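Below you'll find the structure, written out as structure tokens, and then a few comments.
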Amino acid sequence: MTNIEILNNIFCDVFSVEASALNADFDKNNVEGWDSVHQLSLTSAIEDEFDIMLDAEDILDFTSYNNAKNILAKYEIEI
């Protein structure tokens with residue numbers, strides 16, 4: 001499984017959406033139910049799946065699908 005597939009699966013699991021919903025508009029302002037609990041679940045799953053430890057700033061910035069891809073790039077994870 002590729003890294004983008006892993007990322008997509010995490011988003012789909014956390015937010016109960018299909019992969020086709022994941023786009024540039026998928027963010028905390030446009031997704032019903034995106035709250036701190038979902039964001040924590042998302043970042044926790046990301047850390048587990050990619051075997052990384054996100055710093056506090058990155059956890060707070062994990063507010064969109066696009067941000068997630070950019071943050072993972074900081075940890076040298078190719079998407």
Side-chain angles (χ1 to χ4, degrees):
M1 188 176 297
T2 66
N3 288 338
I4 191 69
E5 290 171 328
I6 293 169
L7 179 65
N8 289 351
N9 285 341
I10 293 169
F11 268 85
C12 290
D13 288 345
V14 169
F15 294 103
S16 300
V17 297
E18 297 293 323
S20 60
L22 303 176
N23 58 43
D25 292 328
F26 199 90
D27 63 32
K28 72 175 189 163
N29 297 318
N30 296 320
V31 175
E32 187 175 328
W34 188 313
D35 56 18
S36 59
V37 174
H38 282 94
Q39 191 159 329
L40 185 58
S41 296
L42 180 64
T43 55
S44 177
I46 294 287
E47 288 179 328
D48 290 345
E49 286 294 323
F50 290 104
D51 195 28
I52 59 174
M53 181 65 98
L54 297 168
D55 65 35
E57 182 180 320
D58 290 333
I59 291 170
L60 293 174
D61 287 342
F62 236 91
T63 56
S64 74
Y65 179 66
N66 281 345
N67 282 4
K69 293 190 285 187
N70 293 333
I71 290 167
L72 288 175
K74 286 177 47 178
Y75 292 85
E76 299 180 359
I77 297 170
E78 291 184 31
I79 298 294

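Starting from 1, each residue takes its place in the sequence as its number. Below, all heavy atoms of this structure are taken into account, side chains as well, without hydrogens, waters or symmetry copies. Source: prediction; values computed, not measured.
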Inset, instruction - Answer whether the closest heavy-atom distance between the side chains of Asp58 and Thr43 falls below 4.5 Å. - result: no

Legend entry - Heavy-atom neighbours of Asn23 CG exceed 12 at 6.0 Å: yes

Legend entry - Separation of Glu47 CD from Leu42 CG (nearest 0.5 Å): 10.5 Å

Legend entry - Distance flag, aromatic centroids of Phe50 and Tyr75, threshold under 6.0 Å: no

Legend entry - Shared hydrophobic cluster, Ile46 / Leu40 (ILVMFWY, side-chain heavy atoms < 4.5 Å): no

Legend entry - CG on Asn67 to NZ on Lys28, rounded to 0.5 Å: 10.0 Å

Legend entry - Contact summary for Phe11 and Tyr65, nearest pair of heavy atoms: CZ-CA, 3.8 Å

Inset, instruction - State which residue, out of Ile10, Ile4, Ile6, fulfils the side chain to side chain contact (heavy atoms under 4.5 Å, CB included) condition with Asn8. - result: Ile4

Legend entry - Distance in Å, Ile77 CD1 paired with Leu7 CG, rounded so as to fall on 0.5 Å steps: 9.5 Å

Inset, instruction - Taking all heavy atoms of His38 and all of Gly33, pick out the closest pair and write down the distance. - result: ND1-O, 2.8 Å

Legend entry - Linked, directly or transitively: Leu54 and Val37 (ILVMFWY side chains, under 4.5 Å): no

Inset, instruction - State, to 0.1 Å, how close Cys12 and Ala19 come at their nearest heavy-atom pair, and which atoms those are. - result: SG-N, 3.4 Å

Inset, instruction - State whether a side-chain donor-acceptor pair under 3.5 Å links Asp27 with Asn30. - result: yes

Legend entry - Val31 side chain reached by Ser64 side chain, heavy atoms, under 4.5 Å: no

Legend entry - Side chain to side chain, Asn9 and Glu49, heavy atoms closer than 4.5 Å: no

Legend entry - Interatomic distance, Leu60 atom CG to Ile71 atom CD1 [nearest 0.5 angstrom]: 9.5 Å

Legend entry - Glu5 atom CD, over 12 foreign heavy atoms within 6.0 Å: yes

Legend entry - Side chains of Asn3 and Leu72 in contact at under 4.5 Å (non-hydrogen atoms): no

Legend entry - Nearest-0.5 Å distance, NZ of residue Lys69 to CG of residue Leu22: 9.0 Å

Legend entry - From Phe15 atom CZ to Gln39 atom CD, the distance as rounded to the nearest 0.5 Å: 7.5 Å

